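The structure presented is a predicted model; accordingly, all values stated were derived computationally and were not measured.
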Amino acid sequence: MVPDWFGLTTKATLRADLMAGLTGATLVLPQGVAFAAIAGLPAEYGFYTAMVSTLVAALLGSSWHAVSGPTTALSIMLFATLSDSYLPGSPEYVTAAITLCLMVGLIQLAFAVARLGALVDFVSHSVMTGFVTGAAILIALSQLRHVLGTPLPSTSDLGAFVSAIPEAALATDWHALVVALSAFVVGLAIKIWRPLWPNYLAALIVATGLSLALGGTEAGIATIGPLGEILPSMDVPDLSLGDLREFGGGAMAIAIVGLLEALSVSRALALRSGQMIDGNREFLAQGLSNVIGSLFRCYPSSASFTRSGINYDAGARTPLSAIFSSVFLFGILLLVAPAFAVVPIPGIAGVIMLVAWRLIDFREIRHLVTSSSTETIIAGVTFATVLLVNLETAIYVGVLLSLGFFLRGAARPFLGQGAPDPSTPGRVFKHAAPNGLEECPQLMVCRLDGPLFFGSVEYLRREFRRLERERPLQRTMLFIVKGGGDVDLAGADLILDEARRRERMGGALHLQVKTPRTLTKLARFKVVRELGRERLHLSKGDAIALIVPKLDGDICATCTKRIFHECARQPGPPAK
């Protein structure tokens with residue numbers, strides 16, 4: 001099957017993707033080493049994952065800019081899953097890690113077959129804003145030790161990390177700091193004044209040259225160092241029932257977190273590029289990238305925030321950039337690995353900090369804060385969870401909080417009292433109170449904006465009782481349900497209960513629905529049979545024409561408001 005982005009490829013996009021791929025390949029060198037170390041694996045396994053898994057996910061995924069490979073979260077989770085059973089770095093540990101990769105891929109494929117990709121729709125824009133901002137800060141903080149050239153605690157314990165910064169700052173290696181700042185400044189300057197240039201690659205070249213001028217490793221500047229074996233060999237993992245029993249829970253957790261990471265990264269970049277994301281296709285791509293990756297000695301992978309951010313900012317146009325990145329990485333490691341051994345780690349840290357800074361969308365944060373307190377709370381809690389707990393939990397918390405606010409809003413729909421506006425052609429109905437409109441003393445026109453379902457029933461029941469106390473003479477109600485068929489059995493029971501109460505009061509309840517579909521649902525719930533068709537309407541005008549003549553004539557005789565056209569035919573003073 002030809003990828004959907006293949007037709008977008010031109011000479012210009014190829015040039016942009018080539019440069020983005022080269023930049024990404026250069027920057028993934030220290031990542032491969034670092035993430036493999038976090039996972040308890042030799043460095044070459046980070047490279048295998050950064051090449052093979054990246055290639056498969058790029059070919060099959062729906063995101064044009066996300067780049068898969070080893071990630072911090074999955075590396076940590078792999079170590080936590082296996083380290084109690086095997087010695088990290090041992091052959092048994094390596095074998096178990098590759099087998100776990102196969103298990104993770106199979107679980108993700110099962111999610112794809114079940115078509116659960118729509119779960120991405122529950123990760124709201126506010127969640128993504130908070131998640132990306134928090135992840136960007138964590139990425140920047142994680143590079144601080146390389147910028148200062150001094151050891152710092154892990155950012156997983158943010159309190160200990162922050163408290164250690166003053167002492168680390170006093171012990172700063174000025175060589176490392178100068179190299180990191182040079183990379184940051186050069187990368188930023190080129191992005192501002194020459195946006196078409198490969199700013200990250202140029203920043204690394206400048207940082208490397210400056211590092212060598214300062215003395216390189218002899219001056220204490222850390223570098224990537226010599227690389228080991230880099231050619232992955234093919235081998236089928238030995239998956240047994242014992243592995244499933246022992247590591248099934250860990251594999252499930254890694255699979256879910258990996259999918260959430262991939263969807264989150266893809267969604268975040270799609271917000272910037274305007275591209276549509278197919279969540280189920282991302283599930284399929286991640287599953288196959290892990291299954292195929294396990295055949296080439298990879299460990300579990302997902303979309304990387306750092307690599308994806310660099311890929312996008314470097315000007316990537318299509319997934320060819322990720323494919324080129326894999327090819328370039330292989331070529332670099334195979335042919336010129338010794339030359340890249342002198343690339344300074346502080347220089348790479350400076351570039352990654354620039355990427356982290358550019359990931360923060362200050363304009364969107366300002367928009368959230370000034371426009372919606374609810375969305376601000378969702379983004380803020382997600383952001384705090386990223387910093388204080390971890391990335392994967394932040395996604396869960398953000399999604400649950402979004403759903404909580406949604407359900408709270410759905411359970412408290414707007415119930416307004418309307419009246420015709422005499423200043424408009426045809427007397428358009430508007431919300432009476434804020435527009436200063438007079439209402440009929442006997443007929444209350446209530447409009448429901450929102451679903452009439454089990455979650456909103458008790459709130460609406462309380463609102464009906466309040467209106468009953470405040471407006472005892474308005475015993476007849478025209479209840480307008482605007483929801484497009486959003487009425488369930490509990491909502492239908494509420495309608496019948498209110499109709500009975502108003503009959504006992506000497507009034508009536510008339511119901512207007514907007515669609516025949518809603519009327520069909522009400523018939524199934526026996527509402528039509530109990531109310532009678534004469535009290536069910538599809539038109540507000542028809543409803544009022546039927547209701548007004550049945551109102552109390554004695555009250556109409558003394559009424560001077562006459563807000564309906566039908567009032568002209570009622571006894572009493574002439575219409576206004």
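Remark: of the listed residues Thr99, Ile254, Val104, Leu100, Leu100 is the sole one forming a side-chain contact (heavy atoms from CB on, under 4.5 Å) with Phe247.
When side chains are defined from C-beta on, Asp361 does not count as touching Val132, because their heavy atoms never get closer than 4.5 Å. At a threshold of 4.5 Å between non-hydrogen side-chain atoms, the residues Val257 and Tyr396 count as touching. Contact annotation: the side chain of Leu263 approaches that of Phe283 to within less than 4.5 Å [non-hydrogen atoms, C-beta and beyond]. You'll find the side chain of Glu375 reaches within 4.5 Å of the side chain of Ile378, heavy atoms only. Annotation: side chain of Leu401 is not in contact with side chain of Thr382 (no heavy-atom distance under 4.5 Å). Between Ile377 and Phe405 there is a side-chain heavy-atom pair separated by less than 4.5 Å. With contacts defined as side-chain heavy-atom distances shorter than 4.5 Å, the pair Ile365/Ile360 qualifies. The shortest side-chain heavy-atom distance between Tyr299 and Pro70 falls under the 4.5 Å cut-off.
Between Phe131 and Phe305, the ring planes are tilted. Angles from 30° to 60° get that label. Ring-plane geometry between His65 and Tyr312 is classed as perpendicular, the angle between the planes exceeding 60 degrees on a 0 to 90 degree scale with a lower cut at 30.
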Using the side chain to side chain contact (heavy atoms under 4.5 Å, CB included) rule, take Ser321 and Trp64 through it: C-alpha gap first, then chi angles, then the decisive distance, then the call. CA-CA 9 Å; Ser321 61; Trp64 296 345; over 6 Å; no

Checking side chain to side chain contact (heavy atoms under 4.5 Å, CB included) for the pair Ser301/Ser289: CA distance, chi angles, key distance, verdict? CA-CA 8 Å; Ser301 66; Ser289 70; 4.1 Å; yes

Please determine whether side chain to side chain contact (heavy atoms under 4.5 Å, CB included) holds for the pair Phe184 and Val147, giving the CA-CA distance in whole Å, both sets of side-chain angles, and the decisive distance to 0.1 Å. CA-CA 10 Å; Phe184 185 92; Val147 172; over 6 Å; no

Before giving the answer on side chain to side chain contact (heavy atoms under 4.5 Å, CB included), spell out for Leu78 and Leu41 the whole-Å C-alpha distance, their side-chain angles and the decisive distance to 0.1 Å. CA-CA 10 Å; Leu78 176 74; Leu41 294 166; 3.9 Å; yes

Test Glu261 against Thr71 for side chain to side chain donor-acceptor pair (under 3.5 Å), laying out the working first. CA-CA 9 Å; Glu261 278 193 315; Thr71 69; 3.2 Å; yes

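Leu334 contributes atom CG, which lies 11.0 Å from atom CD1 of Ile332 (distance to the nearest 0.5 angstrom). We find the OG1-CG distance between Thr9 and Leu14 to be 6.0 Å, quoted to the nearest 0.5 Å. Note that CD of Glu282 and OG of Ser63 are 6.0 Å apart. Values are rounded to the nearest 0.5 Å.
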Can I get a per-line list of side-chain donor-acceptor pairs under 3.5 Å for residues 135-145, giving both atom names and the distance, sequence neighbours left out?
unit_1	atom_1	unit_2	atom_2	d
Ser142	OG	Leu138	O	3.4
Ser142	OG	Ile139	O	2.6
Arg145	NH2	Pro153	O	3.2

Enumerate, atom names and distances included, each donor-acceptor pair closer than 3.5 Å involving a side-chain atom of residues 157-170, sequence neighbours excluded.
unit_1	atom_1	unit_2	atom_2	d
Asp157	OD1	Ala160	N	3.4
Ser163	OG	Gly159	O	3.1
Ser163	OG	Ala160	O	2.9

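The two residues Ser308 and Val67 come nearest to each other via the heavy atoms OG-N, 2.8 Å. Minimum heavy-atom separation, Leu368 to Thr376: O-OG1, 2.8 Å.
Under a 3.5 Å cut-off, the side chain of Thr95 and the backbone N or O of Pro91 do form a donor-acceptor pair. Checking side-chain atoms of Arg358 against main-chain N and O of Asp313 turns up no donor-acceptor pair under 3.5 Å. In this structure, the side chain of Thr13 engages the main chain of Thr10 through a donor-acceptor pair within 3.5 Å. Ser326 places a side-chain N or O within 3.5 Å of a backbone atom of Met51 that can act as its donor or acceptor partner. Checking side-chain atoms of Gln108 against main-chain N and O of Ala255 turns up a donor-acceptor pair under 3.5 Å. With hydrogens and angles ignored, the 3.5 Å screen pairs no side-chain donor or acceptor of Ser53 with any backbone N or O of Gly69. A donor-acceptor pair is defined here as one N or O able to donate and one able to accept, closer than 3.5 Å; such a pair exists between the side chain of Asp17 and the backbone of Thr318. Between the side chain of Arg307 and the main chain of Ser68, a donor-acceptor pair closer than 3.5 Å is present.
Residues satisfying the side chain to side chain contact (heavy atoms under 4.5 Å, CB included) criterion with Ser211, sequence neighbours excluded, are Val179, Ile221, Pro344. Partners of Arg408 by salt bridge (Lys or Arg N to Asp or Glu O under 4.0 Å), not counting sequence neighbours: none found. Residues that satisfy the side-chain hydrogen bond (donor to acceptor under 3.5 Å, both in side chains) test with Arg317, not counting sequence neighbours, are absent from this structure. When the side-chain hydrogen bond (donor to acceptor under 3.5 Å, both in side chains) test is applied to Ser302, no partner is found at least two apart in sequence or on another chain. The side chain to side chain contact (heavy atoms under 4.5 Å, CB included) search around Cys101 returns Asn290, Ser294, Pro300, not counting sequence neighbours. In this structure, Asp173 has no salt bridge (Lys or Arg N to Asp or Glu O under 4.0 Å) partners at least two apart in sequence or on a different chain. Qualifying side-chain hydrogen bond (donor to acceptor under 3.5 Å, both in side chains) partners for Arg15, counting only residues two or more places apart in sequence or in other chains: none. Shown here are the side-chain hydrogen bond (donor to acceptor under 3.5 Å, both in side chains) partners of Ser304, two or more places apart in sequence or in another chain: there are none.
No close placement of the Tyr48 and Phe330 rings is indicated, their centers lying 6.0 Å or farther apart.
Residues in residues 74-94 take part in no ring pair (Phe, Tyr, Trp, His ring centres under 6.0 Å) pair, two or more places apart or across chains. For residues 363-374, the pairs satisfying side-chain hydrogen bond (donor to acceptor under 3.5 Å, both in side chains) are His125-Glu364, with sequence neighbours left out.
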